[in-house]
Each structure stands twice: as C-alpha cells, then as structure tokens.
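So the structure is just underneath, and the comments pick up after that.
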Amino acid sequence: MNATDTALEALAAANRPEQFTIMEQTMRLLTASPAVTHLAVRGSFAAGTSDRLSDVDLVVGVREPEYAMFTAAHDALIAARLGQLLPAWPDTIVPDLGGLGFVHLLVHRHMLYQLDLYLAPAGRVERIVAATRGRLMYTAPDHTGAPEGHPQVETFIAAARQSPPTCTELLVEVLVLTWLIRKRIVRGQQFMAYKEAHQLTTATRALARTALSPHTAYLGWYHLETDLGATPIGRACLADLAELAAEPALPTLQSLERMLATVLTLARRAAPEAVEQLATAIDAYRHYLDLR
Amino acid sequence: MSTATGALADQVACADTLDPALLERVRHEVLTIPGDWVRGYSRFQSGGWGTLSLLNDTGDARDVTIGDAEPVATDLLARMPTTQALLAGLGLRYMWARLALLEAGSYLWEHRDYQEAELAETERHRVHIPIVTAGSAVLILDGNAVHLQAGRIWRLTPTFVHGACNAYGPARIHLILDCYADPALQALRGGEHLPEACVRELPAAGEELLAEHAATARRLARLGYTEAAEEHLLRLFFRHRLPEGTAYDMVIALHQERRDAAAVESWREHKTIVLGPHSLADEARPEVTR
C-alpha cells in the first residue's frame with residue numbers, strides 16, 4: 001500500500017457513516033450472549049446501496065431454547081446499552097421470514113437512527129440470509145447447526161404475531177412511520193412516502209379504535225363513524241382522522257409536520273396514558289425529526 | 001408560575017433568573033470551546049458525563065476531581081471572558097467551578113455528594129446554571145423529576161440523595177458551581193422558590209412492578225448481558241419513587257441470586273460509597289425482589 005492509499009484510507013475512516021459505529025456497537029453487544037448464534041446484515045448495507053439515512057438492518061440468530069427469553073429481554077437490552085428513544089415497535093411491515101422483527105429508534109451522536117432487528121430462530125438464519133441476499137457477519141464458534149422447526153418457538157412466534165397491538169405500540173408505530181416518511185421525502189422517494197403516509201393514517205385509525213372501541217365487531221374503516229361517533233371524544237377523533245385523510249397523498253415536510261400534530265392531538269384525546277408514558281421521549285423525537 | 005414548597009425546595013430551588021442576553025453570550029463561549037470533556041467518576045455514571053474545570057486548585061481545566069480549594073481560574077476560563085465576568089458578578093465563595101456535559105442517554109446514578117470526611121463538616125451548596133438543556137434532562141430528588149430550566153440560577157444541596165439523567169437528549173450542559181455557605185450565597189438564596197412546572201412527581205412502584213423489573217434483569221443476566229441487567233435496575237430510580245438505595249439493593253439481590261459473591265460485595269461497598277454513612281439502614285426498606 002502506498003502513501004496515497006494510506007492517506008485515502010484514513011480519510012475514508014474519518015468520514016465513515018455513523019451507521020457502521022452503530023453496527024459495531026450492536027454486534028459487540030449482541031454477541032456477548034451465548035444465545036446469539038448468528039448476525040447478518042441485510043437491506044441497503046448488504047446490497048451496497050446505503051446512504052447516510054439508511055437504517056441498520058440485522059438478522060439475529062438466536063438458539064431456540066432461549067428464543068422466547070431473548071425476545072422478551074431484547075428491548076430492555078437495547079434501551080440500556082444503545083440509547084433507544086422509544087420502545088421497540090414490533091415490525092408489521094417486514095415480510096414473514098419465520099421470526100419476529102422489531103424497529104428501534106436510537107439517539108447516536110446527536111441524531112436519530114433506525115435499527116431493525118429481525119430475531120430469527122438459529123435454524124432459520126441461513127435460509128433467511130440466502131432469501132434476503134444478506135451478508136453473514138458472525139457465527140458463534142460453538143454453533144453446530146440446528147434443524148429448522150422447533151414446535152415451542154413456532155407457537156411463541158405465532159402467538160406474538162397474533163397479539164393485538166397496545167395503544168403504546170400503535171403510538172410508537174405512528175412515530176416510526178413519521179420518521180420513515182421524512183426519510184422518503186428527503187430522498188425524493190415520493191411513492192414510498194405515499195404508501196407510508198397511507199399506513200400512518202391507517203395506524204392512527206387503529207390507535208383510535210384500540211383506545212375507544214376495543215370490543216367492536218368491525219375492522220378497518222367499516223362502521224368507524226358509528227363505533228366512534230357516539231361520544232364527543234370519538235367525534236373529535238373522527239374529525240382528526242378526516243383531517244389526516246385530507247392531507248396531500250404525496251406528503252411534503254410541511255404536510256408531514258401537520259400530520260404528526262394531528263396524530264398527537266388524536267392520541268392525547270383517545271389514549272392520554274400512552275402519550276403521558278412517552279411524553280419526554282416524544283419531546284426529544286420532535287427535536288431529532290426537525291420538521292421545522 | 002405557581003410554586004411548590006416543602007421538603008423538596010430544601011433540596012433544590014430556583015434562586016434567581018439570568019439576563020437572557022448574558023446567557024446567550026455565555027452559551028456562545030461554552031458551545032465554541034473544544035469539546036474534549038474529561039470523563040471522571042466512572043462508577044457513578046452510565047457514560048456520557050464529562051466535565052471541564054473553570055475554577056480549581058491547579059489551574060488545569062482537566063483536573064476535575066473536586067475537593068476543598070482556594071480555587072484559581074483555569075486555562076479554560078481564561079479564554080471565556082463573559083463566563084469569567086458572570087462568576088465574578090455572582091460574588092460567591094467558590095470551592096470549584098465546572099462545565100458539565102450530560103449526553104443523550106446518560107445517567108449519574110443515585111448518590112450523595114460531599115461525603116468525604118474533609119467535605120462533610122463545612123456547609124456548602126451547588127449552584128447550577130443550565131447553558132443548554134433538554135426536556136428529559138432532570139434531577140431526581142425525593143421521588144420527583146426536577147427539570148432545571150435554562151435562564152434560571154438553581155441551588156442544589158447535594159448532600160440529599162439525588163441522581164441526574166438526560167434520557168433522550170439533546171445534550172445538556174450546565175455550569176456547576178460548588179460554593180461555601182456565606183452571606184453572598186445567603187443573599188442569592190433570598191428569592192428561592194421551586195416552580196411547579198419544573199417538577200414531575202414520579203409514579204410509585206409496587207412490589208409486583210419491581211418484581212417484573214427484577215425478572216427482566218434476571219433474563220438479561222442469564223443471557224449474558226450482566227451490565228445491561230444492572231443498568232436496567234439502576235434506571236428504576238429515575239422512573240419511580242423508590243425508597244433510598246432500592247435500585248442498588250435490587251442489583252445486589254440479582255447477584256446474590258446468580259451466586260456471584262464478588263459482585264455482591266463490590267456493589268455493597270459501592271452503595272456505601274455513593275450513598276454514604278447517612279444512608280437509611282437496609283432493614284428499614286421493604287424486600288422487593290424476591
């Protein structure tokens with residue numbers, strides 16, 4: 001290596017995207033456990049198409065006997081060691097690859113970053129890595145391979161998927177979606193922004209339904225007016241939802257700011273305890289989102 | 001703005017306001033100094049707490065372990081004329097003056113200050129002047145989260161058990177002045193009050209909730225994440241109104257359960273160091289983790 005190469009390498013290291021530091025810290029943290037068998041990077045970093053806004057997308061292989069325990073504890077782990085802003089959002093967007101996905105928003109060096117962890121039973125990791133064109137970064141030295149399919153883990157995963165979201169989880173979902181939409185707008189990905197803005201409205205409706213009509217027989221938009229419209233709070237939430245729906249289909253930073261304000265207004269009406277629980281985190285989230 | 005009174009105001013209170021233009025000039029000085037913070041007091045914190053001295057016994061800004069002193073201006077303060085004028089204008093008898101950074105996601109665990117024998121005899125207080133702050137940057141005292149708003153001068157009596165955190169950021173920077181009690185300090189304290197808007201009472205934690213947290217910590221430890229388990233428990237002091245030392249007792253109980261005698265002993269010693277000889281007796285507290 002000549003002097004120019006060395007200088008260039010030093011320059012590249014000095015300008016290394018922060019996501020690599022997050023990746024390093026996360027990998028060092030997770031591999032401290034003998035329960036973790038694999039770590040793989042997927043998404044834009046694996047494909048070589050990342051930018052400074054890209055999320056860090058990891059598949060975490062977990063030994064089947066510890067899978068349920070690891071899933072139950074991982075949010076506390078990320079909160080304690082990686083500067084998590086909000087509780088993890090159980091990812092309902094990620095395709096079903098045989099495990100459970102979680103989205104974490106982390107504060108790192110004065111900015112917000114997204115860390116997606118896909119917790120996979122160890123026996124499934126290699127297939128997931130192949131299917132998602134991921135890159136395997138770590139295999140536990142003592143890992144001898146495990147057969148696919150573990151009845152207790154299958155049952156646990158199925159139950160977790162069917163568990164209805166709480167108001168707090170739905171509030172976190174709308175905050176994560178707002179973060180994603182902002183990223184799309186900044187990148188000029190208008191159709192992804194369009195899709196996710198619709199998801200934001202849908203998640204807000206789910207928040208209103210979960211808080212105000214949890215026992216209804218109806219789903220989605222069907223009978224929403226009759227389910228919510230019987231009380232002043234419900235009618236006010238319907239008006240909030242109408243405001244959201246009237247926003248431009250292709251969001252801008254200005255319309256996104258209005259949407260977030262409307263969502264939080266609705267959340268304060270319908271689920272004040274969830275907002276109170278996250279109040280200081282939401283305050284900081286707005287700072288990092290920087291929609292002004 | 002309404003004002004809270006009582007025991008909490010003995011521990012922390014707003015003593016005065018600061019001229020906004022002066023604050024902006026001090027803020028400019030503070031935010032443009034080299035950010036080479038000294039990370040001392042490592043076992044008292046989660047990481048993310050750093051200081052630089054402005055007045056100390058050596059004149060070197062990187063000497064940050066506080067103690068009794070007839071302090072002199074450090075090399076750093078010499079480059080901060082507005083801050084120097086602010087300190088002089090307050091007219092207090094300083095023991096030490098520091099800039100203190102508390103980064104996002106940082107915690108200064110439950111503790112008492114001035115516990116060293118040589119510091120315990122003379123009355124002294126701590127003056128906080130927030131330079132930049134965040135909504136989730138609070139002091140925890142007596143089961144309350146107190147946000148020290150910028151634009152005000154705050155007095156803290158740190159011999160009461162307290163902790164500090166900046167859960168979500170952005171970074172908090174305070175000017176922290178350890179001062180001897182004297183007529184100037186007494187005069188500054190003449191207008192003390194505690195604005196209610198700055199105080200949030202933390203929710204109590206029942207045995208069931210604490211048992212859930214102990215179970216989470218146990219899971220983390222079993223998975224091999226022992227430091228995360230400890231940190232999960234130490235953070236309870238910042239989330240719930242707890243009897244003094246409860247978070248440390250839960251860490252000790254965790255290690256007892258793990259049969260890690262060295263960790264039990266180490267945390268017992270640490271608890272005595274950080275809470276001091278005035279700490280409530282262990283038997284006065286309810287059993288919370290089993």
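Because the structure is a prediction, the values reported are computed rather than measured.
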Residues 133-141 of chain B: residues contacting chain A (heavy atom under 4.5 Å, by number):
B:Gly135, B:Ser136

Hey, can you pull the donor-acceptor pairs under 3.5 Å for the side chains in residues 27-37 of chain A, sequence neighbours left out?
| unit_1 | atom_1 | unit_2 | atom_2 | d |
| --- | --- | --- | --- | --- |
| A:Thr31 | OG1 | A:Met27 | O | 2.6 |
| A:Thr31 | OG1 | A:Arg28 | O | 3.4 |
| A:Ser33 | OG | A:Ala35 | N | 3.0 |
| A:Ser33 | OG | B:Leu223 | O | 2.4 |
| A:Thr37 | OG1 | A:Gly61 | O | 3.3 |

Sorted by chain and residue number, the ring-ring contact (aromatic ring centres under 6.0 Å, His included) partners of B:Tyr107 (sequence neighbours excluded) come out as B:Trp109, B:Phe238

Please state whether the side chain, the backbone, both or neither of B:Arg219 comes within less than 4.5 Å of a heavy atom of chain A.
both

For the atom pair CD (B:Glu231) and CZ (A:Arg81), what is the distance rounded to the nearest 0.5 Å?
5.0 Å

With respect to chain B, which residue among A:Leu86, A:Leu85, A:Val107 yields the maximal number of heavy-atom pairs within a distance under 4.5 Å?
A:Leu85

Distance check, rounded to the nearest 0.5 Å: A:Met69 atom CE versus B:Leu220 atom CG?
10.0 Å

Roughly how far, to the nearest 0.5 Å, is CD1 of A:Ile282 from OH of B:Tyr168?
10.0 Å

State, to 0.1 Å, how close A:Ala80 and B:Ala228 come at their nearest heavy-atom pair, and which atoms those are.
CB-O, 3.9 Å

Would you mind telling me which of B:Glu227, B:Glu230, B:Glu103 has the largest number of heavy-atom pairs within less than 4.5 Å of chain A?
B:Glu227

Does a sphere of radius 6.0 Å around CD in B:Glu208 hold more than 12 heavy atoms from other residues, nucleotides or ligands, not counting ones at 6.0 Å or beyond?
no

More than 12 heavy atoms of other residues, nucleotides or ligands under 6.0 Å from CD of A:Glu126: yes or no?
no

Enumerate the residue pairs fulfilling side chain to side chain donor-acceptor pair (under 3.5 Å) with a member in residues 65-76 of chain A, sequence neighbours excluded, ordered by first and then second residue.
A:Arg63-A:Glu66, A:His74-A:His104, A:Asp75-A:Gln84

So for atom CZ, which belongs to B:Arg25, do other residues, nucleotides or ligands contribute more than 12 heavy atoms lying within a distance under 6.0 Å?
no

Atom pair CG (A:Leu77) and NE2 (B:His232), whose distance is rounded to the nearest 0.5 Å:
11.0 Å

Heavy-atom neighbours of B:Arg259 CZ exceed 12 at 6.0 Å:
no

Below 4.5 Å, heavy atoms only, C-beta onward: do B:Pro170 and A:His287 meet side chain to side chain?
yes

Looking only at non-hydrogen atoms, find the nearest pair between A:Ala284 and B:Gly169 and report the distance.
CB-O, 3.6 Å

